[in-house]
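What follows is a set of notes on a single structure, which appears directly below.
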Amino acid sequence: YGLNHKQFKLSKQMKRPFFILFLFCVTFALKAQVAYAQTSEAAVILAYHQISDSDQGYVLSTEDFDSHLNVIKSGSIKVVPIYKAFKESATDTLPLVLTFEGAYRSTYYSALKNLVKDEIPFTLLFSPRRVNSQSKKYLSWNQINALKEHKFITLGLLPNSYHDIV
């Protein structure tokens, strides 16, 4: 029908209700006592792409990510590395996994540094082609190697054919 993503941009007045709905859904999913979780393996995985105050593409604002981080740091949610997500023993809440796809430099400065400072586990998924491009848009090998030094950070690869949706 000839529609594109720009026709679906939300106004600032609409972003807040959608964000509140998102937080409600995440909180409900994380705090729900799921009967089958006690007998089967389950986890909640939040897949972030770009965290920035830019309006380009599918971007979560720094302010909204900080709100997510405050909920996570409240202590009621157990964040685990991706490789432990399905090995955790059954509890009343499902483990939470944080992933960041694309290795955006803006995400590094807006979100990842705070996660590192607070030692919150996360997985960074990146395409070597993007890093090799030496574009200022993506992380450098030096930044990725610095993240690799932290035991609570997991690195994963995306294919070289990985590209932005927008």
Side-chain angles (χ1 to χ4, degrees), residues 15 18-34 37-38 40-54 57-159 162 164:
K15 283 183 180 180
F18 279 108
F19 175 68
I20 291 170
L21 177 63
F22 170 78
L23 275 182
F24 172 78
C25 292
V26 168
T27 303
F28 179 76
L30 294 173
K31 293 197 175 242
Q33 292 187 356
V34 183
Q38 299 204 3
S40 68
E41 299 165 338
V44 174
I45 299 176
L46 295 182
Y48 294 99
H49 289 268
Q50 196 167 3
I51 311 296
S52 173
D53 290 324
S54 161
Y58 297 105
V59 177
L60 182 68
S61 75
T62 303
E63 178 184 352
D64 288 344
F65 181 77
D66 288 343
S67 296
H68 294 196
L69 195 55
N70 288 335
V71 171
I72 290 167
K73 289 183 345 186
S74 71
S76 61
I77 297 170
K78 183 175 183 178
V79 182
V80 298
I82 197 165
Y83 60 88
K84 287 186 178 179
F86 302 105
K87 295 178 182 176
E88 291 294 308
S89 58
T91 62
D92 288 342
T93 60
L94 299 175
L96 172 66
V97 175
L98 303 176
T99 68
F100 295 86
E101 297 180 20
Y104 293 99
R105 194 170 289 216
S106 61
T107 300
Y108 179 79
Y109 290 110
S110 301
L112 301 185
K113 281 190 159 193
N114 290 332
L115 294 170
V116 169
K117 181 183 69 157
D118 294 329
E119 295 188 359
I120 297 173
F122 66 89
T123 298
L124 175 67
L125 302 166
F126 66 96
S127 164
R129 179 182 55 87
R130 285 188 169 186
V131 179
N132 287 337
S133 75
Q134 298 180 347
S135 167
K136 296 289 182 201
K137 187 175 180 181
Y138 306 112
L139 293 176
S140 69
W141 283 114
N142 287 340
Q143 290 167 315
I144 289 174
N145 284 329
L147 291 173
K148 184 175 72 172
E149 298 300 316
H150 301 282
K151 300 283 186 220
F152 55 91
I153 297 173
T154 306
L155 298 177
L157 294 176
L158 294 170
Y162 179 82
D164 294 329

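The aromatic rings of F65 and F100 sit perpendicular, their planes meeting at an angle over 60°, well past the 30° parallel limit.
Once rounded to the nearest 0.5 Å, the distance linking CZ of R129 with CG of L157 reads 13.0 Å. Separation of atoms NZ (K78) and CG (L96) is listed at 12.0 Å; rounding is to 0.5 Å. In this structure, OG on S52 lies 11.0 Å from OH on Y104, to the nearest 0.5 angstrom. With values rounded to the nearest 0.5 angstrom, L147 atom CG is found 11.0 Å from N142 atom CG. Remark: L155 CG to N145 CG distance equals 8.5 Å, nearest 0.5 Å. Atom CG of residue D53 and atom OG1 of residue T62 lie 3.5 Å apart, to the nearest 0.5 angstrom.
When all heavy atoms of V80 and A85 are compared, the closest pair comes out as CG2-CA, 3.8 Å. Closest approach of V59 and I51 over heavy atoms only: CG1-C, 4.4 Å. Taking each heavy atom of F126 and A103 in turn, the nearest pair found is CB-CB, 3.5 Å. Taking every heavy atom of both residues into account, R130 and G102 meet most closely at NH1-O, 3.3 Å. Shown here for P81 and P121, the closest heavy-atom pair between the two residues is N-CB, 3.7 Å. Between H68 and Y48, the closest heavy-atom pair is ND1-OH, 2.7 Å.
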query: Hey, mind stepping through V44 and I77 against side chain to side chain contact (heavy atoms under 4.5 Å, CB included) and telling me if it holds?
result: CA-CA 11 Å; V44 174; I77 297 170; over 6 Å; no
Derivation of the side chain to side chain contact (heavy atoms under 4.5 Å, CB included) call for I120 and N114: CA-CA 9 Å; I120 297 173; N114 290 332; over 6 Å; no
message: Working note: V79 + F122, criterion side chain to side chain contact (heavy atoms under 4.5 Å, CB included); need CA distance, chi angles, decisive distance, verdict.
response: CA-CA 8 Å; V79 182; F122 66 89; over 6 Å; no
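Using a distance-only test at 3.5 Å, with no hydrogens or angles considered, a donor-acceptor pair links the side chain of S67 to the main chain of E63. Judged by distance alone, the side chain of E149 and the main-chain N or O of A146 form no donor-acceptor pair under 3.5 Å. Between the T107 side chain and the L112 main chain, no donor and acceptor come within less than 3.5 Å of each other.
Between Y109 and Q143, some side-chain heavy-atom pair lies under the 4.5 Å cut-off. Y83 places none of its side-chain heavy atoms less than 4.5 Å from the side chain of T123.
The salt bridge (Lys or Arg N to Asp or Glu O under 4.0 Å) contacts involving residues 103-126 comprise K73-D118, where partners must be two or more places apart or lie in separate chains.
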